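Predicted model, so just to flag it, every value in this text is computed and none were measured. Every chain is numbered from 1, with letters handed out A, B, ... down the list of sequences.
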There are 2 protein chains.
Amino acid sequence: MRVSRDKLTKRMEEFRAALKRAGLKITPQRLAVFARLAEEDSHPGARAIHGKLKKKMPGLSLDTVYRTLWLFVDLGIVENMGEIDGVRFDANTEPHHHFICRKCGASFDIYCRDFDDLKLPGELSEIGEAMKAMVEVRGICRKCLSRK
Amino acid sequence: MRVSRDKLTKRMEEFRAALKRAGLKITPQRLAVFARLAEEDSHPGARAIHGKLKKKMPGLSLDTVYRTLWLFVDLGIVENMGEIDGVRFDANTEPHHHFICRKCGASFDIYCRDFDDLKLPGELSEIGEAMKAMVEVRGICRKCLSRK
DNA sequence: TCCTAAATTGGAAAAATTACTATTTGGAGG
DNA sequence: CCTCCAAATAGTAATTTTTCCAATTTAGGA
Ligand SMILES: [Mn+2]
Ligand SMILES: [Mn+2]
Ligand SMILES: [Zn+2]
Ligand SMILES: [Zn+2]
């Protein structure tokens, strides 16, 4: 789904401000990658972004796309979804939730009754059939805080 | 952190029941992989599991570990964390949440005020410094439901 | 115990991500 | 406008993660 003109403009302004604030160059590649991502509310991976941009920017390298995306995450203007180093598995079938460290990727179980039976919004049925809802808290874990 | 004897026994029973119900063989490899996962509340990846089991089961192949883990996910006795095909990115910085399809991995934005300011449990500070909390709903998306 | 469909192995292939160096360039300063 | 150079990129190689496959082994029913 495409984002409204207003939102897009706002995001692009935030993008320019964040780069300026950090003293980084505004390059055509960075503009293209961010615009591509900001334009849609889908959640593409690096390869998908690279694939689409390659048509208009034939020289764009995949490395630049990855580097740029992680830079944006560092700057706080983009969020990454999913684990850093591959899929993880969990045999704990009791209702519980997770804390995930943004630095090292470590994950911890959280038990919190209030989270166990969240009332899901009705419009959700337009998207699909919900089976389970869990809370994901993001932050910095103890270990990473101490060796900062 | 190690799981209590009781919980472990219960999980192992569920495991045996699920395999039996599905008419699948109970092999030493499946037992080892599940036990390894059920023993701890950490969230290891396939390689980590394989690495640890290799000491006691030198012949265990990495393929078997992957195959076995995804089988458990299909059976509903194990949950996978993170995206199926790599990290994804999101430039939407407004508070929002996600629906993720278990079949195809597609993700959709959810807007729900009730989810935006969840009150986090106090013990969370023992784990680390929380920065953000979001809800992840899991289920089957429209498209996957229709071509079932 | 025997038999066979199901499961595993080991290695190769594919897919995802990161590393590296030669080359290019944004933008500060003149 | 030019000049210049630290910062950024392209192209490719290396690494990591995940899947595929053919040959071999095995769990468990008969
Ligand atoms: Mn867990
Ligand atoms: Mn989103
Ligand atoms: Zn950490
Ligand atoms: Zn789907």
- prompt: Can you find a side chain N or O atom of B/Q29 that sits less than 4.0 Å from OP1 or OP2 on C/dT9?
  reply: yes
- line: CZ (B/R147) and CZ (B/R142) are apart, to the nearest 0.5 Å, by 14.0 Å
Using whole Å, what does the distance between atom [atom2] of nucleotide [N] and atom [atom1] of [X] come to?
X	N	atom1	atom2	value
B/L31	C/dT8	CG	C1'	15 Å
B/R88	C/dA16	CZ	C1'	13 Å
A/F89	D/dT17	CZ	C1'	11 Å
B/L71	C/dA6	CG	C1'	12 Å
A/E83	D/dT16	CD	C1'	16 Å
A/I84	D/dT17	CD1	C1'	15 Å
B/L24	D/dT26	CG	C1'	15 Å
A/R47	D/dT17	CZ	P	16 Å

- request: Taking the side chain as every heavy atom from C-beta outward, state whether B/V135 and B/C112 have any atom pair closer than 4.5 Å.
  value: no
field: Close side-chain approach of A/S107 to B/M81, heavy-atom, < 4.5 Å
entry: yes
Nucleotide nearest B/T27 (side chain, heavy atoms from C-beta), chosen from D/dA27, C/dA16, D/dT17: D/dA27
- prompt: Are A/R11 and A/D41 ion-paired here, with the side-chain N under 4.0 Å from a carboxylate O?
  reply: yes
- request: Looking at every strand, decide which applies to A/R30 at a 4.0 Å heavy-atom threshold: base, sugar-phosphate, or nothing.
  value: sugar-phosphate
field: Given DNA chain C, 5'-ward residue of the pair A/P28 and B/K25, judged by closest heavy atom
entry: B/K25
field: Other residues, nucleotides, ligands: >12 heavy atoms within 6.0 Å of B/E129 CD
entry: no
- line: When B/K20 and B/G45 are each assigned the nearest nucleotide of DNA chain D, the 5'-most assignment goes to B/G45
- request: Kindly state each residue pair satisfying salt bridge (charged side-chain N to carboxylate O under 4.0 Å, His left out) with at least one member in residues 12-29 of chain B, sequence neighbours excluded.
  value: B/K10-B/E14
message: Short of 4.0 Å, heavy atom to strand atom, which residues of residues 48-70 of chain B count as contacting DNA chain C?
response: B/G59, B/L60, B/S61, B/D63, B/T64, B/R67
statement: Closest non-hydrogen atoms of B/I84 and B/C104, given as atom of the first, atom of the second and distance, are CD1-C, 4.4 Å
- prompt: Which atom pair, heavy atoms only, marks the closest approach of A/A46 to A/L62?
  reply: O-CD1, 4.4 Å
message: If you take the centroid of each ring, where Trp contributes its six-membered ring, are B/F15 and B/F72 closer together than 6.0 Å?
response: yes
- request: Compute the bend angle of the helix from C/dT1-D/dA30 to C/dG30-D/dC1 from the end axes (five pairs per end), rounded to 10°.
  value: 40°
